[in-house]
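Take a look at the structure below.
Every heavy atom of this structure was used, including side-chain atoms; hydrogens, water molecules and symmetry mates were not. For clarity, every value in this text was computed on a predicted model and none was experimentally measured. Proteins get letters first, then strands, A, B, ... in listed order; numbering begins at 1 in each.
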Amino acid sequence: MSEIVTRFAPSPTGLLHLGNVRTALLNWLYARKHGGRFLLRFEDTDRERSEKQFIQAICDDLGWLGLDWDGDILFQSDQAAQHRQALDRLAEQEMAYRCFCTEGQLALDRKLAASRGLPPRYSGRCRSLASEESASRAEHEAHVWRLPVHRDDGEVIVPDVLRGDVHFACHDLDDPVIVRSDGSFTFLLPNAVDDAIDSVTHVMRGDDHLSNSAYQVWLLQHLDMAVPAYLHHGLLLGRDGAKLSKRSGSHSAAELRQEGLMPMALMQAMVRLGHPNISEDALSLDALMQHFDARHVSTTAIRWSDDDMWRWHTRLLHNLPAEALLAQVREHLPEADESFALLVQGNMERAEDVLAYRRMLDAGTALSEEAESVANDAGNTFYRTALDAWNGMARNENDWKIWVQAIKEGTGRTGKGLFMPLRVALTGALHGPEMSGIVGFLGEGGVRKRLEDMIQRIS
RNA sequence: GCUCCCAUCGUCUAGUGGUCCAGGACGCCGCCCUCUCACGGCGGAAACAGGGGUUCGACUCCCCUUGGGAGUACCA
């Protein structure tokens, strides 16, 4: 079996969005899983809308996600000569023709067809122009190039690995434009021809391309080029079941990165779509790849929800090695050290949650309203008792147990009423790590300072 | 309108004619652990869209309906 080659072929007209990310990931996984190559090719045929900044942004995002590509970045525009040549070959065989219809005419045609309940297809007006006439008019008339796909008989078969052969009757297909009146190519031909040039063996893309594939299969066959295996996956929908849009919860990768999302969280959520029961400790891209199976790439439309992704974020955060964890924590609390980060690691969903524990690092940190009400409820004498007990005891490894026992006896408080005021005084938060760990972290002076501050605050 | 794709718990899915009064994961609910949050442990509710066939037998095959998605551009 020859080498598997997949590609991700974005157009540099915008940022990488969730749907793109999934397509890129799927192609990457497929290639890597089978020891093949994964190519990155920018489809910059739409000169109007292509922008350099997006090329950089997309590369950055892919890098952020850990999706590396093989070889140089490819650009569709570099293959212009090949595209031209392909067009010439088609024209020679009369498998492409010039169309001189104006956009106004076409719009009218469509309107007319619609009013008669017919599909809005190209009328075929220019299809059978004599080649001499066509050539001579071309010298002074604007025109596009079309493919004569539409006809009464015959069909085009799109070989799809996931759903079997998909049949399209030529009768239902249109004569698509492949070259615009400004001479530039539309997506159809360059995309297919480049795949052939680049020896792409498997094309994984959204099923919004299914009908495009019909045209491209037609094209490749008439060009005597290899037709790749297609895997048209179902599209991502918003959580409301409607097309994924900004409103329904779509983001650009860049946006998520800014929000502090760990890229692996996104990868986790995405790879697991369609894959039942990937073991939960498959936390790396490599591990995920081991479990990836293209047969599980689903053909159904999938509801995407950010929740799962963020849950993975939390899970990943809880499993982060100290160094990486500290880096994230310090973005919000620069004065944090490793022992602090490790102490609160299990008690945060996102790195910014450490802000709730600022008081552990800065004894003077003010209290939230809730915390203050807990403190007031306990009262000044409670804290005095606690401070006295703390000052009066011998220091040893059971500081916490001995201390809390002493306070219990001194105040008569137990359970929540005993622990919460202490927790609030020492951390500023109503929840968090176990108290013994907190006391250990703050140390003798640290605890004293916070109790003294507390006494002052509520006196 | 036309064409194509899709259809199992809330979600992602397992299931390729009998092993399924449908299994898992996430979520949800309850209990346990517990000062709190989280973790962990245990348990629970929760689905074959509907109707026709085919068959001894249908979640599985066929048809229709319904529902959802996509395309129908000189966007990709």
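Put simply, the side chain of A:S211 and the base of B:rC4 share no donor and acceptor less than 3.5 Å apart. For A:N191 against B:rA76, a side-chain-to-base donor-acceptor contact under 3.5 Å is absent. Taking only distance into account, the side chain of A:R423 meets the base of B:rC35 through a donor-acceptor pair shorter than 3.5 Å.
You'll find that the side chain of A:L235 is closest to B:rA70, out of B:rC35, B:rG24, B:rA70. You'll find that the side chain of A:S181 is closest to B:rC74, out of B:rC12, B:rC26, B:rC74. Residue A:R311 has its side chain nearest to B:rC26 when only B:rC26, B:rA70, B:rG24 are considered. Closest approach to the A:P276 side chain among B:rC12, B:rC4, B:rU13 is made by B:rU13 (side chain taken as heavy atoms from C-beta onward). The side chain of A:F168 sits closest to B:rU3 out of B:rU36, B:rU3, B:rG71. For A:V177, taking side-chain heavy atoms from C-beta onward, the closest of the listed nucleotides B:rC4, B:rC74, B:rC2 is B:rC74. Checked against B:rC74, B:rC35, B:rG71, the side chain of A:M420 finds its nearest nucleotide in B:rC35. Considering only side-chain atoms of A:M435, the nucleotide from B:rA76, B:rC35, B:rC26 that sits closest is B:rC35.
With both ends at atom P, the span from B:rG18 to B:rC61 equals 12 Å, rounded to whole Å. Taking atom P in both B:rU55 and B:rA73, one finds a spacing of 46 Å when rounded to whole Å. With P as the reference atom, B:rC29 and B:rU16 are 34 Å apart, rounded to whole Å. Comparing B:rC4 with B:rU60, their C1' atoms are spaced 24 Å from each other, to the whole Å. The same atom, C1', is picked in B:rA45 and in B:rC37; the two are 26 Å apart, to the nearest Å. Nucleotides B:rG10 and B:rC48 have their C1' atoms positioned 16 Å apart, rounded to a whole Å. Rounded to whole Å, the separation between the C1' atoms of B:rC33 and B:rA14 comes to 33 Å. Between the C1' atoms of B:rA47 and B:rG27, the separation comes to 15 Å (whole Å).
For the pair A:R137 and A:F100, the cation sits on the ring face: its NZ or CZ lies under 6.0 Å from the ring centre, inside 45° of the axis. Cation-pi geometry between A:R7 and A:F38 is not met: the NZ or CZ atom fails to fall both under 6.0 Å from the ring centre and inside 45° of the normal.
Atom C1' of nucleotide B:rA76 and atom CD of A:E43 are separated by 8 Å, given to the nearest angstrom. At whole-Å resolution of the value, CZ in A:R98 and P in B:rC74 are 19 Å apart. Between A:L236 atom CG and B:rA70 atom P the separation is 12 Å, expressed in whole Å. Taking atom CG of residue A:D160 and atom C1' of nucleotide B:rC6, one finds them 12 Å apart after rounding to whole Å. Distance CG (A:L273) to C1' (B:rC26): 11 Å, rounded to an integer number of Å. A straight line from CZ of A:R205 to C1' of B:rC4 spans 14 Å, rounded to a whole angstrom. Straight-line distance from the CD atom of A:E155 to the C1' atom of B:rC4: 13 Å, rounded to whole Å. Rounded to a whole Å, the NE2 atom of A:H291 is 13 Å from the C1' atom of B:rA25.
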Restricting to nitrogen or oxygen on both sides, can you table the protein-nucleotides 66-68 of chain B pairs closer than 3.5 Å?
none

- [ ] Mark up nucleotides 37-44 of chain B, 5' to 3', with B wherever a protein heavy atom is under 4.0 angstrom from a base atom, S wherever such an atom reaches only the sugar-phosphate, and - elsewhere.
- [x] BS------
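As judged by a 4.0 angstrom heavy-atom cut-off over every strand, A:C170 is placed among residues making no nucleic acid contact. Residue contacts shown for A:H167 are limited to sugar-phosphate atoms, with no base heavy atom under 4.0 Å away.
The partner of B:rU54, taking Watson-Crick or G-U wobble pairs whose two distances both stay under 3.5 Å, does not exist in any strand shown. Pairing for B:rC42 is with B:rG30, a Watson-Crick or G-U wobble pair whose two hydrogen-bonding atom distances lie under 3.5 Å. The partner of B:rA70, taking Watson-Crick or G-U wobble pairs whose two distances both stay under 3.5 Å, is B:rU3. Across every strand in view, B:rU16 sits unpaired, with no contact that passes the Watson-Crick or G-U test at under 3.5 angstrom. The base-pairing partner of B:rU60, taking Watson-Crick or G-U wobble contacts with both distances under 3.5 Å, does not exist among the strands shown.
At a cut-off of 3.5 Å, with distance as the only test, no side-chain donor of A:N20 or A:H17 sits close to an acceptor on the other residue. No donor-acceptor contact under 3.5 angstrom links the side chains of A:R358 and A:T365, judged on distance only. Side-chain polar atoms of A:D208 and A:H232 form no donor-acceptor pair below 3.5 angstrom. Looking at A:D194 and A:Q79, their side chains never bring a donor and an acceptor atom within 3.5 Å of each other.
OP1 or OP2 of B:rU13 sits under 4.0 Å from a side-chain N or O of A:T300. Between A:S298 and B:rU13 there is a side-chain polar atom (N or O) within less than 4.0 angstrom of OP1 or OP2. Distances shown here put a side-chain N or O of A:H296 below 4.0 Å from the OP1 or OP2 atom of B:rA14.
Looking at A:D175 and A:R121, no side-chain N of the basic residue comes within less than 4.0 Å of a carboxylate O on the acidic one, giving no salt bridge. Salt-bridge annotation for A:R272 and A:D308: absent, with no side-chain N of the basic residue lying under 4.0 Å from a carboxylate O of the acidic one. Electrostatic pairing of A:E372 and A:R457 does not count as a salt bridge here, judged by no charged N lying under 4.0 Å from a carboxylate O. Ion pair A:D88/A:R84 not flagged as a salt bridge, since none of the NZ, NE, NH1 or NH2 atoms sits closer than 4.0 Å to an Asp/Glu carboxylate oxygen. Look at A:R295 and A:D293 and you find a salt bridge, because one of the NZ, NE, NH1 or NH2 atoms lies within 4.0 Å of a carboxylate O, short of that distance.
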- [ ] Please lay out, stage by stage, how A:N319 and A:R315 fare under the test side chain to side chain donor-acceptor pair (under 3.5 Å).
- [x] CA-CA 6 Å; A:N319 281 284; A:R315 197 187 173 84; over 6 Å; no
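Each of A:T299 and A:G417 was matched to the nucleotide of RNA chain B holding its nearest heavy atom; the match closer to the 5' end belongs to A:T299. Each of A:Q76 and A:R110 has a nearest nucleotide on RNA chain B; the 5'-most of these lies closest to A:R110.
The side-chain hydrogen bond (donor to acceptor under 3.5 Å, both in side chains) contacts involving residues 143-153 of chain A comprise A:R151-A:D153, where partners must be two or more places apart or lie in separate chains.
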